[in-house]
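Both counts, for ligands and for their atoms, begin at 1 and track the order of listing. Computed from a prediction, not measured in an experiment: that's the story for all the values here.
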Amino acid sequence: MILENGVVRTLDPSLPVAAGLAIAGDRVAGGVATHESALPSPERVDLGGRCVLPGFTDAHVHFLQWALYQGQVRLEGARSLDEAVARVAEAARGVEPGRWLRGTGWRSGEWTPPVEPTKDALDAVAPDVPVALMARDGHSLWLNSRALAHADGDLAVHGGVVEVDARGEPTGVLREESAWRFRRRHVFPVIDDAEWGQLLRRALQVAASRGVTAIHDKDGWLGAARQFQLLDRAGALTLRVWQSLPASSLGELEDIGLISGVGGDLLRIGYLKVFMDGTLGSQTARLLDGSGVEITSREELAEIVRRAAPAGWPVAVHAIGDRANRDALDAFEQTKDEWRPRGLRHRIEHAQLLAPEDVGRFDAVGVAASVQFSHAPSDRDLADRLWAGMTDRAYAYRSLHDAGALLVNGSDAPVEELDPLAGLRAGVLRTLDDRPGWQVEQALTVEQALLATCVNPAWLEGAERRRGKLLPGYLADAVVLDRDPLACPPEELAEVKVVATMLGGRWVHNPAPWD
Ligand SMILES: [Zn+2]
């Protein structure tokens with residue numbers, strides 16, 4: 001196949017732009033002028049001046065949860081507890097007997113008057129249906145009495161928080177490990193393979209329509225590897241998956257000797273996921289001022305990294321607060337003699353608040369910064385309030401880039417929408433609305449944002465010579481845009497649209513021709 005008459009951005013400095021692209025099988029064969037004659041009777045696609053880029057990678061996505069949440073009650077944008085509860089009341093009427101009502105997106109910090117949610121508020125509108133509502137940041141779970149009863153009082157766990165009222169009764173809000181364990185035990189097990197399959201096929205279509213050809217998934221703990229495997233076997237997987245497993249699996253991995261990278265062209269199981277702290281929104285991010293919740297200590301992380309290295313597993317560690325990030329960097333630094341010779345590509349997820357002296361350590365230690373450009377403008381009001389006086393070193397993507405850190409971008413869907421073009425705009429403009437950009441000195445150029453979305457994630461997977469660029473021999477994973485984001489003025493970035501998406505030489509969204 002030859003894509004011609006457009007702008008092909010290879011994202012490789014040796015040949016940044018070509019007028020066309022030749023594809024043979026699942027690979028890029030080369031620029032049109034040089035290789036055209038080598039292909040027997042190629043299919044020709046007229047790009048009509050459109051732009052082709054390497055397919056987008058979403059380097060931080062909870063794909064199963066994102067798929068699940070698309071059909072759930074959504075509480076984003078509710079301005080008060082009453083408004084959130086009214087949406088729950090409406091949704092509760094449609095729940096079949098015996099089923100749960102699941103929802104997401106609430107953020108009590110945005111409610112007026114400022115109150116915390118309670119089970120009583122839910123009991124008043126949904127007394128008979130178990131209700132489980134995840135906070136927008138994924139770190140707090142709001143339950144009604146019917147749902148809480150499933151735990152039979154067993155709510156407290158190391159690394160978790162059970163909110164209680166003046167009488168010592170659970171209020172219905174669980175945080176961190178208490179929230180996640182509750183979901184693992186009571187909310188998710190009722191979803192079977194057939195329901196997951198339906199949910200995921202729909203989600204894959206949406207991802208393809210947004211130009212996503214690869215993801216770094218964070219839902220290993222939820223059985224994502226199994227679900228992607230089932231889709232792959234059915235020929236229904238339309239993106240490449242670099243799958244995480246929870247660090248708690250390390251013992252079994254050591255026992256059986258499985259190493260990172262197992263799998264095939266579309267699905268590979270690659271890295272371990274660990275949590276250092278909570279989040280900004282739940283006020284559980286661990287800061288140098290001593291506040292926050294410690295989920296994994298520096299010593300515990302060092303121990304995980306030390307054990308994972310000979311077993312061949314890189315580690316991705318969630319760290320939001322400046323203390324959590326320092327502890328994570330320290331742990332990687334302390335253990336570097338064990339993992340560096342093995343070429344392991346570790347990463348810190350989020351890196352939202354950094355002490356100035358820690359910014360340069362990502363490059364020095366050799367750990368990638370896996371960030372979410374959309375979080376900066378989306379969290380700006382919360383950060384201005386909860387991290388007052390510290391926001392000049394929050395979401396400091398430009399500082400990280402300038403200090404040599406390898407940046408990769410993800411959406412953290414369902415926290416934000418899975419939409420790389422929205423992430424690109426957020427990284428470049430630092431705003432989501434008509435306000436001026438927030439901390440604009442931390443804005444990236446379009447090119448830097450694209451490298452973090454297309455090229456750098458491939459390196460983290462050890463696939464930098466297979467995908468992420470449109471060079472001869474690379475996998476033909478590409479997205480066609482209606483215009484060239486590198487040539488259009490910044491105010492036009494919001495207009496850029498995905499026209500079509502290709503995975504391994506096959507259209508997975510909107511096959512040509514387009515006019
Ligand atoms: Zn996440």
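- Restricting D412 to its N/O/S atoms, the shortest distance to the Zn ion (ligand 1) is reached by OD1.
- Checked against L75 for a side-chain contact (heavy atoms from CB on, under 4.5 Å), the options V85, T104, V88 give a single hit: V88.
- The distance from the Zn ion (ligand 1) to the nearest N/O/S atom of H350 is not under 2.8 Å.
- In summary, no N, O or S atom of E349 is located under 2.8 Å from the Zn ion (ligand 1).
- Under 4.0 Å is where a charged nitrogen must lie from a carboxylate oxygen, and between R181 and D154 at least one such pair does.
- The distance from the Zn ion (ligand 1) to the nearest N/O/S atom of H318 is not under 2.8 Å.
- When the Zn ion (ligand 1) is compared with the N/O/S atoms of H60, atom NE2 turns out nearest.
- Counting heavy-atom neighbours within 6.0 Å of E254 CD, excluding the residue itself, gives a total above 12.
- Ring pair H318/H350 is perpendicular by interplanar angle, where above 60° counts as perpendicular and below 30° as parallel.
- Below 30°, between 30° and 60°, or above 60°: for H139 and F275 the angle between ring planes is above 60°, a perpendicular geometry.
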